[in-house]
Colleague: 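So that we are looking at the same thing, I have put the structure below in C-alpha cells.
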Amino acid sequence: MSDNDDRFLIVAIDGGAASGKSSTSRALSERFNFMHVDTGSFYRAVTFKLLEAGVSPDDETAVAEALAHLHPSTRIEGRSARMEIDGWVPGEEIRSAPVNENVSRFAALPVVRRFLLDYQRGQAEVARANGFRGLVMEGRDIGSVIFPDADLRIFLDASPEARARRRAAEGQADQIHERDRLDRQRKTAPLHCPPGAIRVDTTEMTLEQVVDHIANLVEARLR
Ligand code: DC
C-alpha cells in the first residue's frame with residue numbers, strides 16, 4: 001500500500017446547464033468511491049423554499065429574512081449527498097418550471113451564495129466522516145470559489161445545440177440559454193473557467209469518453 005492510497009481527493013466539476021456535469025460526476029463517484037455533491041440541487045432546493053415563502057428575488061432583505069428560518073442538513077443516499085431542509089427532502093419539485101425560471105435569479109444574490117458557502121465546503125468533512133476516498137462536487141463556482149485549491153478542477157463545455165439536445169433527451173423543458181446568460185453575467189461568483197482549470201469540450205464526445213478522460217486525470221493525481 002503506498003502513502004497515496006489514503007489520500008483524500010477533491011475534484012471540482014463546473015460548467016453551464018446541461019454540459020454533462022451530473023452524469024460525469026456520478027460516474028466518477030462510482031469509479032473512485034468519491035462522494036458526489038450536486039450543488040445545483042442546493043440552489044434549487046433553496047429556491048423552492050423561497051418561492052414557497054412567497055419571496056421575490058428582487059427583495060434581498062426579504063430573502064435574507066426567509067433564509068434565516070432555513071436549516072439545511074445532509075443525508076447520504078448511495079454515493080450522493082442530499083440536502084435536507086428542516087426535515088424536508090427535496091424531490092422532483094426542484095426540477096419544476098417555477099424553479100427553473102427563478103433559480104439563477106436567486107443564485108445571483110450574494111446573501112444566497114453566502115448562505116450556501118460554508119455548507120458546501122463542509123461537504124468535504126461529511127465525505128471524510130463517511131469513509132469516502134474523496135469528493136466530486138459539481139456546480140458553477142466550485143473550482144473558482146468553493147474549492148479553488150481542489151486537486152483537480154474541470155470546466156465542461158459543449159455547444160449550445162448539443163446541450164439543448166441532451167436536455168430534450170432527458171424530457172426536460174429548461175431555458176438553459178437564459179440561465180447560462182444570467183449565471184455568466186452575475187457579479188458574485190459568475191460561471192467561468194478559472195485560470196488553472198482544465199477545460200473539456202464534450203460536444204463531440206460520448207459520456208464514456210468524457211468520464212475516461214477525467215478518470216485518467218484523477219488517476220494521475222492518485223499516483
Ligand atoms: O446545475 P443546475 O442546472 O441544476 O443549477 C441550477 C442553478 O443553480 C444554475 O442555473 C445556477 C445555480 N448554481 C450556482 O449558481 N452555483 C452553483 N455552484 C451551482 C448552481
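Residues: numbered from 1 along the sequence shown. Whatever order the structure lists ligands and atoms in, that order sets their numbers, starting from 1.
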Colleague: Should Lys21 and Asp38 count as an ion pair when the cut-off is N to O under 4.0 Å?
Modeller: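 Salt bridge flag = no for Asp38 with Lys21.
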Colleague: Show me which atoms of ligand 1 lie under 4.0 Å from any heavy atom of Ser104.
Modeller: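 Listed by number with element: 10 (O).
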Colleague: Answer yes or no: does an N/O atom from Gln120 fall short of 3.5 Å to an N/O atom of ligand 1?
Modeller: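 Gln120 vs ligand 1: no N/O contact under 3.5 Å.
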Colleague: Applying side chain to side chain contact (heavy atoms under 4.5 Å, CB included), can you list everything that pairs with Ala197, at least two apart in sequence or on another chain?
Modeller: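 Applying side chain to side chain contact (heavy atoms under 4.5 Å, CB included) to Ala197 gives Arg153, Cys193, Pro194.
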Colleague: For ligand 1, which atoms sit closer than 4.0 Å to a heavy atom of Val103?
Modeller: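 That gives atoms 7 (C), 8 (O) of ligand 1.
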Colleague: Mind checking whether Tyr43 has an N or O less than 3.5 Å away from an N or O of ligand 1?
Modeller: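 No.
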Colleague: Could you tell me if Arg140 and Tyr43 have a donor-acceptor pair between their side chains, going purely by distance under 3.5 Å?
Modeller: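 The criterion, which ignores hydrogens and geometry beyond distance, is not satisfied for Arg140 and Tyr43.
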Colleague: Between the side chains of His36 and Ser25, does any donor sit under 3.5 Å from an acceptor?
Modeller: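 Result is no, nothing qualifies.
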Colleague: Quick check: Arg186 and ligand 1, any N/O pair under 3.5 Å apart?
Modeller: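 Indeed, backbone or side chain, Arg186 has an N or O that close.
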Colleague: Going by the order shown, which atoms of ligand 1 are within less than 4.0 Å of some heavy atom of Arg179?
Modeller: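 In order of number, 2 (P), 3 (O), 5 (O), 6 (C), 7 (C), 9 (C), 10 (O).
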Colleague: Residues sharing Leu191's hydrophobic cluster, by side-chain heavy-atom contacts under 4.5 Å among ILVMFWY, directly or via others?
Modeller: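 Result for Leu191 is Phe155.
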Colleague: Under a 4.0 angstrom heavy-atom cut-off, which atoms of ligand 1 come close to Ala107?
Modeller: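 Near Ala107, the atoms of ligand 1 are 12 (C), 15 (O).
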Colleague: Distance under 4.0 Å to a non-hydrogen atom of Asp183: what atoms of ligand 1 satisfy this?
Modeller: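 Within the 4.0 Å cut-off of Asp183, ligand 1 contributes 9 (C), 10 (O), 11 (C).
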Colleague: What is the minimum heavy-atom distance between Ala81 and Gln123, and which atoms define it?
Modeller: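 So the minimum-distance heavy-atom pair works out to CB-OE1, 3.5 Å.
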Colleague: Would Glu138 count as a contact residue for ligand 1, given that I'm defining contact as a non-hydrogen atom of the residue lying under 4.0 Å from a ligand atom?
Modeller: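 Judged by the 4.0 Å heavy-atom criterion, Glu138 does not count as contacting ligand 1.
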Colleague: Scan Arg166, His213, Gln209 and name whichever one has a side chain to side chain donor-acceptor pair (under 3.5 Å) with Thr202.
Modeller: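 For Thr202, the side chain to side chain donor-acceptor pair (under 3.5 Å) check succeeds only for Arg166.
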Colleague: With atom 2 (P) of ligand 1 as the reference point, say which of Arg140, Glu178, Arg105, Met137 has the nearest heavy atom.
Modeller: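 Residue with the shortest heavy-atom distance to the ligand atom: Arg140.
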